Protein chains: 4
Amino acid sequence: MAGVNKVILLGNLGADPEVKHLEGDKVVANLRLATTESYKDRSGNRVENTEWHDLELWDGQARVAEQYLKKGSQIYVEGKIKSDTWQDDQGNNRKRTKVRVQSFTMLGSRTGGQEDAQGGGQSSPAQNSNTNAGMNTSSTPAYDGNDSDADDLPF
Amino acid sequence: MAGVNKVILLGNLGADPEVKHLEGDKVVANLRLATTESYKDRSGNRVENTEWHDLELWDGQARVAEQYLKKGSQIYVEGKIKSDTWQDDQGNNRKRTKVRVQSFTMLGSRTGGQEDAQGGGQSSPAQNSNTNAGMNTSSTPAYDGNDSDADDLPF
Amino acid sequence: MAGVNKVILLGNLGADPEVKHLEGDKVVANLRLATTESYKDRSGNRVENTEWHDLELWDGQARVAEQYLKKGSQIYVEGKIKSDTWQDDQGNNRKRTKVRVQSFTMLGSRTGGQEDAQGGGQSSPAQNSNTNAGMNTSSTPAYDGNDSDADDLPF
Amino acid sequence: MAGVNKVILLGNLGADPEVKHLEGDKVVANLRLATTESYKDRSGNRVENTEWHDLELWDGQARVAEQYLKKGSQIYVEGKIKSDTWQDDQGNNRKRTKVRVQSFTMLGSRTGGQEDAQGGGQSSPAQNSNTNAGMNTSSTPAYDGNDSDADDLPF
DNA sequence: TTTT
DNA sequence: TTTT
């Protein structure tokens, strides 16, 4: 009965977050995350393999994502697999799988250049560096996922 | 560039493994795994939520699954998310997500009764217990996923 | 700055939990958990290797452990590594490392026999089975670690 | 019997790797890794908490670490907890816990400046950025931990 | 002793 | 000291 459903991802965003502000103060953000593995094949050639993940974040997490993440951002994510199933117009069973994010940590950005990878707005000089500013949406375990509490935003 | 794509699951099989023996000694097994979380809602009622995962195992792993797993088996799984994308008859982009298993460990079975949850064939009395016989397809990290080596089967 | 410190264990308790009730309603439980890996060495002999872990649980988690866990219990654990450092009588720097548990799930018990591995008290027949009764101290992510709330106990 | 003993860390090195070349081509590297969590306490003050981990890497992994890691490097690590126990001069039981690394991925470096944190030699412009050059010691699961194969070095 |  |  008891189960475990845990996903750990580390990769880069393929696009800016898509954020929807719903009624009742609810917010949802959808992210496209690429995780790339690279290895040598038999002939010794380096091969790269990229997997694209659909991430879904809610409320506090979504707001942090909206403010600080953008195309190219590198993040570490913990979450769980969550599938939606429905019937399409032809009556076929359809399924779409995404990762429901429970916490994430910003690691840096690949965009390079002088733009601020963390989305601007911080006054702390430390976080204005382009490299690995490091920010965790749930650094203290006691509030993991408790994203309805705006005061829990990590800054 | 470097990425992490890791899935950790613990749950029970919804059906016996579906195994296909392909040419060239290759074997693939598909499993349906349920992970159930349960929690109390606002009204204090216990709610259960089951997620179904499509697992894919190859070669050595698939052979172990074929021999020892069945409907009801409880397993711990490590793997990665892997999606297939294609166009359907109507030209729509389709996507199917599964978990490519890298290693798994048998924990027990929910089938109860006197049947042998481990699929029979073992002579060890210890492993004939219905509960938590415990078997790992890749107990030693050096061979994690090296499932082309039949000698690496864990028994 | 941002970091990840995560431990995932699955094993059996070597002894009953040691529980201390402190002032101010605080409770701490210490567990000894064995994780065993087994593999074949070069000569093809099966080798078993057991690692012993010191687990520390607080408050709600500790209370669940006290009630339901005992020597032999099989559990799945998520937590983090946490070290205490101090100077001993001779002025040497000493360090003791343990795993601070954030959530755990009961998987079953190896005690066999007719005793109720889950500590008794449940009325649900499903949970009275000796096998894998399955109970999670934080099945819903929103309350992971929120162990100060007695109402969050999973039953 | 079957067990799981898994550690996932993401942090920065507190010092350059200490590498010992042993007889028979064996190499061992020891790393000091800091994982920092930060959270707000009740008064709303940001608190930082750093845990220091002793990492041990062998052979192929150790050689990669020696070449490419240094003080300040940010890495993602998978491994397992491993303790040594012994008796000290006074006959007391002593225990030292470390993390035996199974795979790691370089994420970047905090050293800044013009030095190439990844050790130089890459021609890909993407990898010449000082940030998040990304390199994985075992990108393909089939060789996780198979560090006796020098050809498995990821470049 | 890292990092921000 | 667990478990098989």
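The structure displayed is predicted, hence computed values, not measured ones. Hydrogens, waters and symmetry mates are skipped; everything else that's a heavy atom, side chains included, is used. Within every chain, numbering begins at 1; the chains are lettered A, B, ... in the order of the sequence lines, protein sequences first and strands thereafter.
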Practice item. Grab the CG-C1' distance between D/Asn30 and E/dT2 for me, whole Å please. Key: 17 Å
Exercise for review: Could you check how far CE of C/Met106 sits from P of F/dT3, rounded to whole Å?
Suggested key: 13 Å
Review point. Taking atom C1' of F/dT4 as reference, at what distance in whole Å does atom CG of B/Leu107 sit?
Key: 13 Å
Review point. Does a salt bridge link D/Arg94 with C/Asp88, judged by any charged N lying under 4.0 Å from a carboxylate O?
Key: no
Point to revise | Contacts of D/Asn49 that satisfy side-chain hydrogen bond (donor to acceptor under 3.5 Å, both in side chains) - sequence neighbours left out | key: none
Practice item. Would you mind reading off the distance between D/Leu31 atom CG and E/dT2 atom P, rounded to a whole angstrom? Key: 15 Å
Review point. CZ of D/Phe104 versus P of E/dT2: gap in Å, rounded?
Key: 20 Å
**Study point:** C/Asp16 CG to F/dT2 P, straight-line distance once rounded to whole Å
**Key:** 11 Å
Revision key, fill the gap. What one should report as the nearest heavy-atom pair of C/Lys70 and C/Pro17 is CA-CD, 3.8 Å
Study note, to complete from the structure: Rounded to whole Å, the CD-P distance (C/Gln74 to F/dT4) equals 9 Å
Study note, to complete from the structure: side-chain contact (heavy atoms from CB on, under 4.5 Å) filter on D/Glu51, not counting sequence neighbours, yields C/Asn5, C/Ile81, C/Lys82, C/Ser83, D/Thr35, D/His53
Revision key, fill the gap. Of the candidates E/dT4, F/dT2, E/dT2, the side chain of D/Glu48 sits closest to E/dT4
Exercise for review: Let me know the distance between CG of C/Asn12 and P of F/dT3, rounded to the nearest Å.
Suggested key: 6 Å
Review point. On a plain distance test, is the side chain of C/Thr50 in donor-acceptor contact with the base of F/dT2 below 3.5 Å?
Key: yes
